[in-house]
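Only heavy atoms go into these numbers, but all of them, side chains included; no hydrogens, no water, no symmetry mates.
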Amino acid sequence: MNSCRTLVLATCLVATSSVFSAQFDDIAVKLDQYVKKEVKQGLPGAALAVVINGDIRLLRGYGVVKNGSNKKVNSATVFPLASISKTFASAAVSILVERGLLEWDTHVVPYLENITFSDADLGKEVTLRHVLSQSTGLVAQAYSDLLEDNVSYPKILQILNRVKFVCEPGNCYSYQNVVYNLSADMLALAAGVDYPTFVKEQVFIPLRMDNASFGMEGYKQADNRASPHVKVKSGCGAVQPTPFYYRVPAAAGINASAQDLAKWMLAQMGQQPTVLEPSLLEIMHKPHVRANQYRYRARMSNVTYGLGWRLFDYRGLTGFVHHGGWVKGFRTEMVFNRNTQTGMVFLANCENNRVARDIVLFFLQLYQERYGVQLAGADTKK
């Protein structure tokens, strides 16, 4: 059987860390070679998942979980996902929207009684949609520095009213972590359970994301977990994991493996409609505000932010959906194209921005080589 569309078939790949392919595909093979090379050149460890035409073609680990260790990374090794966690928040909210328990345009105030904004008139316009689309209008990265200074989330919320607006809600892109987590607070009120419990019950379990968890406790409970490393002169040096961004679970609270994210990608492609309704995926993957993407802007165009996802075109090809993430010692990337159901997940246990940037661009180059002529020909025939 050639297809690995279902979760049952996806699970059949768990036992192997080698390339799986009904036919060897250049995208999977060349990405595999790329990561092997980076590990040989000093990246401690990484994990890769590749989906092509809606089928899982590669699940593999590379290198070691920690420099000096003999324990190898495999496709079940757990990494903190950092900001890829944001993609789960919009999905979780969509489930409540489908059930009629919450609306995309529910206003943050007065829904959350403990929140006040610096400008009451602008503040009353801020909605859940603005939070999830990074378009609240507040100064970007509001109080992310306080998270890194070990200030608790509740204490930060007490001074949220000091954050200035730079535009009217919905009119500009301003990336957030603390403010993004207001979506988790609103979901908890609507669902009657805390945000991590809801995501576990409504997303992790039905999608059989067996290695996925929340928080530092979940990370430490995973026997098969990657350790963080930072760039040093000699390459990558091991450091202790930090708890700071786990305090905003909607923004950066999830741990998961390449296996888990391959299943997550299939669900985002519409292959799990009982978990994620396709009409809601359309809303999440629709542009809501024009965004910036400095690392890639020379190659990408029409860069926008949807609900929990970045969206862009690449050299005339449309339909790309992406999010990356960083927390101390880790880099994560997930990118796919909805039109062809082809994508990639890359997880690394060293915060090497070059590798994270370049593998996304390499995937896009390989994608264009495979699909560009084919899609151009299809357009010509219309």
Side-chain angles (χ1 to χ4, degrees), residues 13-21 24-25 27-51 56-84 210-213 218-242 254-265 324-335 343-363 366:
L13 300 178
V14 170
T16 180
S17 63
S18 61
V19 174
F20 173 89
S21 179
F24 278 90
D25 187 281
I27 293 178
V29 171
K30 289 181 178 179
L31 286 171
D32 176 59
Q33 293 170 344
Y34 176 92
V35 180
K36 285 179 181 175
K37 181 187 72 174
E38 291 297 338
V39 170
K40 285 183 180 179
Q41 293 179 350
L43 192 67
L48 184 66
V50 180
V51 172
I56 298 175
R57 294 289 179 87
L58 184 149
L59 283 174
R60 186 166 191 171
Y62 307 81
V64 293
V65 299
K66 184 177 182 180
N67 271 341
S69 168
N70 293 323
K71 188 172 183 179
K72 303 291 186 181
V73 174
N74 58 38
S75 64
T77 300
V78 168
F79 293 74
L81 297 188
S83 283
I84 290 180
D210 299 329
N211 305 306
S213 66
Y219 170 75
K220 289 185 174 180
Q221 286 179 350
D223 292 332
N224 183 7
R225 65 179 185 270
S227 294
H229 299 74
V230 297
K231 287 196 69 177
V232 294
K233 288 184 179 180
S234 59
C236 291
V239 294
Q240 291 297 313
T242 57
I254 295 177
N255 313 293
S257 67
Q259 289 176 16
D260 298 319
L261 288 184
K263 297 172 185 179
W264 182 233
M265 187 182 295
W326 166 90
V327 290
K328 187 175 182 180
F330 295 96
R331 280 304 314 264
T332 62
E333 299 285 347
M334 179 172 174
V335 58
M344 173 204 75
V345 170
F346 174 72
L347 308 173
N349 63 350
C350 182
E351 52 183 58
N352 189 314
N353 291 333
R354 178 194 61 80
V355 175
R357 178 195 67 230
D358 288 355
I359 195 170
V360 171
L361 293 175
F362 188 46
F363 165 79
L366 295 172

For the student: nearest non-hydrogen atoms of L59 and A262, plus distance: CD2-CB, 3.9 Å
Do the side chains of D358 and Y34 get nearer than 4.5 Å, heavy atoms only? yes
Partners meeting side chain to side chain contact (heavy atoms under 4.5 Å, CB included) with T332 (sequence neighbours left out): A82, I84, L347
To the nearest 0.5 Å, tell me how far L43 CG sits from N352 CG. 6.5 Å
For the atom pair CD (Q221) and CG (N255), what is the distance rounded to the nearest 0.5 Å? 10.0 Å
Restricting to side-chain hydrogen bond (donor to acceptor under 3.5 Å, both in side chains), what partner residues turn up for S83, sequence neighbours left out? K86, Y175
Looking only at non-hydrogen atoms, find the nearest pair between R331 and N353 and report the distance. NH1-OD1, 2.6 Å
How far apart are the closest heavy atoms of K72 and T77, and which atoms are they? O-OG1, 4.3 Å
For the NZ atom on K231, are there more than 12 heavy atoms of other groups (residues, nucleotides or ligands in this structure) within a distance under 6.0 Å? no
Output yes when a side-chain donor or acceptor of N349 lies under 3.5 Å from a complementary backbone atom of V65, and no otherwise. yes
Could you measure the distance from the CG atom of N224 to the CG atom of N74? Nearest 0.5 Å is fine. 4.5 Å
Given side chains that start at C-beta, do those of R60 and L31 come closer than 4.5 Å, heavy atoms only? no
Sorted by chain and number, sequence neighbours left out, salt bridge (Lys or Arg N to Asp or Glu O under 4.0 Å) with K36 holds for D32
Run the side chain to side chain contact (heavy atoms under 4.5 Å, CB included) test on V50 and F363 for me, step by step, so that the C-alpha distance in whole Å, both residues' side-chain angles and the decisive distance to 0.1 Å come before the verdict. CA-CA 10 Å; V50 180; F363 165 79; 5.7 Å; no
For Q41, give me all partners under side chain to side chain contact (heavy atoms under 4.5 Å, CB included), at least two apart in sequence or on another chain. K37, E38
Going from CG on N67 to NE2 on H229, what distance comes out if it is rounded to the nearest 0.5 angstrom? 4.0 Å
Test side chain to side chain contact (heavy atoms under 4.5 Å, CB included) applied to P228 - qualifying residues, sequence neighbours left out: Y219, V239, P241, F330
Hits for side chain to side chain contact (heavy atoms under 4.5 Å, CB included) against K220, two or more places apart or cross-chain, chain-then-number order -> M216
Could you check whether any side-chain heavy atom of Q259 comes within less than 4.5 Å of a side-chain heavy atom of N211, counting everything from C-beta outward? yes
Rounded to the nearest 0.5 Å, what separation is found between the CG atom of L361 and the CD atom of E333? 9.5 Å
Any chance you could lay out the side chain to side chain contact (heavy atoms under 4.5 Å, CB included) test for V39 and V73, step after step, and finish with the verdict? CA-CA 11 Å; V39 170; V73 174; over 6 Å; no
Going by the rule side-chain hydrogen bond (donor to acceptor under 3.5 Å, both in side chains), which residues pair with D260 if we only count those two or more places apart in sequence or in a different chain? S257
I'd like to check the salt bridge (Lys or Arg N to Asp or Glu O under 4.0 Å) partners of E351; sequence neighbours left out, ordered by chain and number. none
Nearest-0.5 Å distance that lies between atom OH in Y62 and atom CZ in F346: 9.5 Å
